[in-house]
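Structure first, then comments.
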Amino acid sequence: MTGRTATSGSALAGRALAAVAALALTLIMPGKAAPAGAGALRESEWALTSLKAEQAWKITKGEGVTVAVIGTGVDASHPDLRGRVIKSSDVYNTRDEGTAPFQGTYAAGIIAGTGRNYRGDGLVGLAPEARILPFRVYRDNTSPATATAKSITAATLQGAQVIDVTVGFRRSSPALKAAVEYAVRHGALVVAGAGDTGGTGNAQTYPAAYPEVLSVAAIDKKGALWPDSHRGKNVDLAAPGVDILTTARNDDYWTGSGTGFAASWVSASAALVRAQHPKWTVDQVTRRLTETATPRGRGQGSAIVAPAAALPQRTAVSDSASTVSADRDAATRSSDTGPIMVVSAATGALVVLAGVSWFLIRRTVSATDDD
């Protein structure tokens, strides 16, 4: 009878040790995780990345703040807006969503899109926990200044802290100016696109031209001013306004350009600041947004709104800071614990399989010695 040779025992031991190495690699090497928000829509929202939305959301997402959107009305049934749109008393006594909720729905998505569509891969706004208060001012495809003025006043009376005016007029109106002044006196910050007149004479538009209103120019991905954007000393801020993806009617989406899109990013930024500082005046919110904006270089025009910079980490005096810090520490401890457990498991497996290998080698040697 021929016993097993030392060579075959070594082969068995080698196979066992190979199994040990394979198991160790399986347990220790992490799999490649998919990045958060990897949906196609989310990847197309270049403005969120540019404005460092993720950093801002560590502080607030606009909870408790109402942003009025004045213009065409809002399609409240859109999956990414459902639950974020509240009813208003429309100046024309019509349904909030109106008959042509285009620009208003675009603005609402930029401000408060929740991303719930497509199982969480929908479109996300900059202040996803803010509420939208819509007003429809269009009638027969026109937007009278008087209706806009009445809507600004009504939004203020209904508690809006920020008012995004998505319509503009070439001429000033006493009623419109009075409504803006009323809103500011009662704590509502009014934001409007500077006007899409850059390529047609660069005329200023109202209410953006009023000193009480935050006037916003549009820039592209590279920070360059959109050619059709109004420019001038009366422009307060710049914001993304070129190739902006947002919500549209009938559960759809739309990509567009214009200072109206840019104004909605500033309105959302104001909502974030309002959420962090609910007792601040309009002047305080305005100064925080303008003073923390990112300069575009000498002679390049208005600075770019920077919501993350406008929301510095709270001090120890704030209870919220303690909560955020505690959550972060807990997450760190949790992430540290995982690798330790994995390494411990791998070490145990190595010990067991090493023992098996040693047994096989000893058994082989013994069988050979007996022969």
Side-chain angles (χ1 to χ4, degrees), residues 45 47-48 53 57 60-92 94-117 122-138 143 148 151-167 183 187-193 214 216 239 244-254 256 260-275 278 285 307:
E45 292 187 86
L48 287 180
W57 292 339
T60 179
K61 292 186 176 181
E63 58 278 2
V65 176
T66 298
V67 181
V69 175
I70 296 175
T72 60
V74 173
D75 183 359
S77 66
H78 194 288
D80 287 329
L81 296 176
R82 203 172 293 147
R84 300 265 44 100
V85 183
I86 58 180
K87 289 187 176 182
S88 64
S89 56
D90 192 88
V91 295
Y92 284 141
T94 58
R95 297 176 66 85
D96 292 337
E97 58 268 26
T99 57
F102 297 113
Q103 185 65 42
T105 303
Y106 302 159
I110 291 171
I111 297 167
T114 63
R116 292 174 184 163
N117 202 11
L123 183 132
V124 180
L126 182 57
E129 293 184 7
R131 297 182 297 266
I132 298 296
L133 180 67
F135 288 87
R136 190 175 73 89
V137 299
Y138 276 82
S143 55
T148 304
S151 295
I152 292 174
T153 301
T156 305
L157 291 171
Q158 291 183 52
Q161 293 108 311
V162 180
I163 300 177
D164 185 6
V165 183
T166 67
V167 296
L189 174 63
V190 183
V191 184
L214 263 181
V216 188
I244 301 300
L245 175 69
T246 186
T247 49
R249 287 188 67 188
N250 302 321
D251 300 352
D252 207 349
Y253 297 91
W254 180 263
F261 292 90
S264 295
W265 291 114
V266 173
S267 294
S269 300
L272 296 179
V273 175
R274 281 290 203 191
V285 176

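Annotation for G104 and T72: closest pair N-OG1, 2.8 Å, computed over non-hydrogen atoms. Between V191 and S267, the closest heavy-atom pair is CB-OG, 3.4 Å. Across every non-hydrogen atom of L133 and A160, the tightest pair is CD2-CB, 4.3 Å. In this structure, A130 and V67 approach most closely via the heavy-atom pair CB-CG2, 4.5 Å.
Residues P307 and W265 have side chains not in contact (no heavy-atom distance under 4.5 Å, counting atoms from C-beta outward). Put simply, the side chain of L189 reaches to within 4.5 Å of the side chain of L214, judged on heavy atoms.
Partners of A108 according to the side chain to side chain contact (heavy atoms under 4.5 Å, CB included) rule, which considers only residues two or more places apart in sequence or in another chain, are V74, L81, I132. Taking the side chain to side chain contact (heavy atoms under 4.5 Å, CB included) definition, one finds that A262 meets it with V216, A218, A239, sequence neighbours left out. Remark: A188 pairs with T156, I163, A183 by the side chain to side chain contact (heavy atoms under 4.5 Å, CB included) rule, at least two apart or across chains. By the side chain to side chain donor-acceptor pair (under 3.5 Å) test, S264 is found to be paired with D164, residues two or more places apart in sequence or in another chain being considered. Partners of A268 according to the side chain to side chain contact (heavy atoms under 4.5 Å, CB included) rule, which considers only residues two or more places apart in sequence or in another chain, are I111, L126, A127. Partners of T153 by side chain to side chain donor-acceptor pair (under 3.5 Å), not counting sequence neighbours: none found.
In this structure, the side chain of N117 does not engage the main chain of D80 through any donor-acceptor pair within 3.5 Å. No donor-acceptor distance shorter than 3.5 angstrom exists from the side chain of T166 to the backbone of G260, with no hydrogens or angles considered. Put simply, the side chain of E129 never gets that close to the backbone of G62: no donor and acceptor are under 3.5 Å apart.
Using cut-offs of 30° and 60° on the angle between ring planes, the pair Y106 and W254 is parallel.
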